[in-house]
Structures are given as structure tokens and as C-alpha cells.
Amino acid sequence: MTTMTRRIFGKTIAAAFGAALIATSAFAAGHSQNHTVKIKSFAFDAAELTIKAGDTVTFINEDGAPHTATAKNGEFETGRLGKGEEASVKFEKAGTFDYFCKFHRKMTAKITVIE
């Protein structure tokens, strides 16, 4: 092997290692999931949902009436969702989040976030 070939070989190995490192980092960072909670028939279709920290929940209103998904502790609020509208909330930390609809307070559900 000549010196030039060794340099090229070294650069090729370094580039491959760098690409593998980037791919691994992207996979580790991208492990979060998106969950969907549909709002229909004046209820949240997942009365209890367990997710991991870093996951996102998308609330989709399928009712004709407006709804919200509002945390009782104030941690999140989707705002008013009309028919066909949606809002996403990312949960960064572990905990239990009871929530309700501001317009229809009997509509309640819970999201548990684990590490």
C-alpha cells in the first residue's frame, strides 16, 4: 500500500465512522413517537394513555362541536378545536396529566408519561 492509498483508506474509514455516528444519533434522538387522541361523541377516545417522555400527542376533533384538551394542572392547552382541527402537544417530562374539555367539563381523560 502506498502512502496516498493509506490516506484515502483512512479518510474513507473516518467518513464511514462519522456517517454511522450521525445515523446512530439520529435514531436515538428520533425514537419519540406520535400518538393520536380522537375527540368524538363528546369523549376522548383514549380515556387513559401511557407514553414516553419526548413523545407527542395529537388531538383531533371529529365532533361537530368545538372542544379543547386542557390539562387540569395548566401544563398544556390545545385551544379551541373546531371539527376537523387538530393540535399537538409534546410531553418532555414524566408525570400524570389529567385533562378535560373546557366546553364540556364532563369530558375527561389522563395521560401518563414515563421515562
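Numbers here are sequence positions counted from 1.
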To the nearest 0.5 Å, how far apart are CD in Glu75 and CG in Asp98? 12.0 Å
4.5 Å side-chain heavy-atom contact, Arg80 and Lys102: no
Grab the two heavy atoms, one from Phe44 and one from Ala69, that are nearest each other, plus how far apart they are. CE2-CB, 4.2 Å
N/O donor-acceptor pairs under 3.5 Å from side chains in residues 83-97, not counting sequence neighbours:
| unit_1 | atom_1 | unit_2 | atom_2 | d |
| --- | --- | --- | --- | --- |
| Glu85 | OE1 | Gly82 | N | 2.5 |
| Ser88 | OG | Thr58 | OG1 | 2.7 |

When rounded to the nearest 0.5 angstrom, what is the spacing between OG1 in Thr56 and CD1 in Ile51? 7.5 Å
Is any side-chain heavy atom of Ile60 less than 4.5 Å from a side-chain heavy atom of Thr36? yes
Contact check, side chains of Val37 and Leu49, non-hydrogen atoms, under 4.5 Å: yes
Could you tell me whether the side chain of Asp63 and the main chain of Ala65 form a donor-acceptor pair under 3.5 Å? no
Just wondering, do Asn34 and Asp55 contact through their side chains at under 4.5 Å, heavy atoms? no
Find out whether Phe100 and Lys72 are in side-chain contact, i.e. whether some heavy atom of one side chain is under 4.5 Å from a heavy atom of the other. yes
Tyr99 versus Thr108: any side-chain heavy-atom pair under 4.5 Å? no
Could you report the tightest heavy-atom contact between Ala46 and Ala109, atom names first, then the distance? O-CB, 3.8 Å
CD1/Ile111 to NE2/His35 distance, rounded to the nearest 0.5 angstrom? 9.0 Å
Step by step, work out the side chain to side chain contact (heavy atoms under 4.5 Å, CB included) result for Lys52 and Val113. CA-CA 5 Å; Lys52 291 183 179 179; Val113 182; 6.0 Å; no
Hey, could you give me each pair passing salt bridge (charged side-chain N to carboxylate O under 4.0 Å, His left out) that has a residue in residues 104-115? Not counting sequence neighbours. none
Do Phe42 and Leu81 belong together in a cluster built from hydrophobic side chains that touch within less than 4.5 Å? yes
List the steps and the verdict of ring pair (Phe, Tyr, Trp, His ring centres under 6.0 Å) for His67 and Phe59. CA-CA 10 Å; His67 294 291; Phe59 298 90; over 10 Å; no
Applying ring-ring contact (aromatic ring centres under 6.0 Å, His included) to Phe103 and not counting sequence neighbours gives none
